[in-house]
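Before any comments, here is the structure.
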Amino acid sequence: MNKESETLVLGIDLGGTKILTAVANFRGEMLARDHSITPAAMGQEAVLRSIVESVNRAMDQAGILPTDIDAIGVGAPGPSNPDTGILFTSPNLPGWVNVPLRDIIEKELGRKVFLINDANAAAVGEFYYGAAQGVRDFIYITVSTGIGGGIFIDGKLFTGAIGTAAEIGHITIDDKGPRCNCGNRGCWEALASGTALAREARERISRGAETSIMKYAEDDIEKVTAEVIHRAAEHGDTLARELISQTGYYLGVGMANLINLFNPERIVIGGGLSGMGEMLLGVARRVAGERAYRVAFEVVDFVSAKLGRNSGVLGAAAFALQKISSDQVNK
Ligand SMILES: [Zn+2]
């Protein structure tokens with residue numbers, strides 16, 4: 001990315017619960033950042049209105065006009081086609097099917113818009129500004145309520161035929177495993193995500209397992225989350241530790257598959273569960289090492305994502321910047 005400093009892009013990280021908007025320059029420095037709630041349950045119109053309002057606030061904050069923005073990148077939660085700008089579907093935005101999101105936002109804001117999957121955006125962010133700078137073959141994995149990712153091959157984001165590649169959360173790990181949100185059974189995210197961890201804990205607690213987890217959940221089983229289980233584990237709870245270790249096991253099984261498939265140089269791990277550190281990731285690494293092809297495993301380094309909550313929004317901005325740069329080169 002070799003742009004002049006005055007080039008400004010706007011990144012939008014559209015999530016099921018929040019909308020993050022940032023004005024950034026080509027170095028990934030944020031001149032303004034706006035955070036708001038996604039009114040997902042109120043439908044598409046309401047969400048689109050919130051996006052426009054968030055963009056306006058971010059521009060106000062940066063003291064710029066729409067005409068100062070060179071391009072806008074939108075990271076959306078769900079499989080999308082970056083070439084046509086269509087968001088196929090979204091597990092987090094009920095009722096969104098085949099939405100021409102790029103064109104809608106372009107019309108609303110009057111600037112060039114580029115659409116990308118949110119986890120892919122985070123991978124792009126880590127590539128340009130974070131933990132994967134200078135690494136041409138890497139896989140970004142985000143582990144939170146679900147599992148998402150982005151795959152870089154030879155310095156380029158791999159998107160597949162219609163843009164839905166790297167839905168790594170939905171590779172099958174156990175064909176008879178628990179039902180996944182996507183309808184399949186035993187997907188990676190049905191076994192190794194925060195949601196899976198909480199589900200397992202609730203099941204074990206309902207069956208009468210001895211544990212202090214409920215103490216950290218205000219004695220309300222609905223409040224048993226990955227975060228609560230982590231807290232219990234840190235206080236030495238045996239069940240919590242066992243369940244986190246089991247999650248780490250499945251995380252490692254999936255990583256072994258990715259290592260054998262892509263021979264990455266680096267695996268960048270982000271998302272809420274990465275905060276559990278070695279308790280989770282140590283197990284995952286060990287299991288990946290036991291299962292992956294040895295020579296391939298030996299070249300992988302495992303690092304934590306660097307951009308945290310900003311990876312998606314900065315990645316969306318970087319994606320837009322990359323697109324306008326390559327458009328100029330291709331002219
Ligand atoms: Zn699935």
Side-chain angles (χ1 to χ4, degrees), residues 13-17 38 40 75-82 86-99 115-123 139-151 157-203 224-226 229 243-244 246-262 264 267-274 276 280-281 283-284 287-288 291-292 312:
D13 182 6
L14 170 62
T17 55
T38 310
S80 60
N81 187 333
I86 290 183
L87 176 64
F88 294 118
T89 172
S90 174
N92 306 316
L93 299 169
W96 291 52
V97 180
N98 294 330
V99 178
L115 180 68
I116 182 173
N117 164 271
D118 56 356
N120 280 350
I139 298 176
Y140 168 80
I141 304 172
T142 172
V143 191
S144 58
T145 50
I147 295 180
I151 296 164
L157 180 72
F158 176 66
T159 53
I162 56 162
T164 71
E167 281 293 336
I168 58 172
H170 303 284
I171 53 175
T172 300
I173 301 293
D174 176 358
D175 64 339
K176 294 177 184 63
R179 185 72 72 185
C180 179
N181 277 340
C182 74
N184 196 7
R185 271 194 184 282
C187 290
W188 199 16
E189 76 170 36
L191 290 160
S193 66
T195 311
L197 173 60
R199 183 198 62 228
E200 286 297 307
R202 286 177 195 157
E203 268 178 36
V224 172
T225 59
I229 298 161
L243 291 174
I244 290 173
Q246 181 188 306
T247 307
Y249 170 83
Y250 284 121
L251 208 53
V253 173
M255 281 177 181
N257 288 339
L258 295 176
I259 290 166
N260 282 352
L261 262 176
F262 294 102
I267 289 182
V268 178
I269 305 164
L273 260 67
S274 62
M276 290 183 180
L280 177 80
L281 303 177
V283 178
V287 172
R291 303 181 78 99

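Order of listing sets the numbers, starting from 1, for every ligand and every atom in it.
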What I'd like to find out is whether the side chain of Glu200 reaches to under 4.5 Å of the side chain of Leu191, using heavy atoms alone.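 Not in contact.
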Decide yes or no for Ile269 and Met255: does some side-chain heavy atom of the first lie under 4.5 Å from some side-chain heavy atom of the second?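 When only atoms from C-beta onward are counted, Met255 and Ile269 do touch, with a gap below 4.5 Å.
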Considering non-hydrogen atoms only, spot the tightest contact between Ala190 and Arg179 and give its length.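 Heavy atoms only, the tightest pair is CB-O, 4.2 Å.
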Selection residues 250-260 - residue pairs positive for side chain to side chain donor-acceptor pair (under 3.5 Å), sequence neighbours left out: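 Of all non-adjacent pairs touching residues 250-260, none passes side chain to side chain donor-acceptor pair (under 3.5 Å).
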Within this structure, what is the CG-CG distance for the pair Leu281 and Leu273, rounded to the nearest 0.5 Å?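 Result: 8.5 Å between the selected atoms.
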Give, for atom CG of Leu251 and atom CD1 of Ile147, the distance between the pair rounded to the nearest 0.5 Å.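 Answer rounded to 0.5 Å: 5.5 Å.
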Sort by chain and number the protein N/O/S atoms that are closer than 2.8 Å to the Zn ion (ligand 1), and list them.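 Protein N/O/S atoms under 2.8 Å of the Zn ion (ligand 1): His170 ND1, Cys180 SG, Cys182 SG, Cys187 SG.
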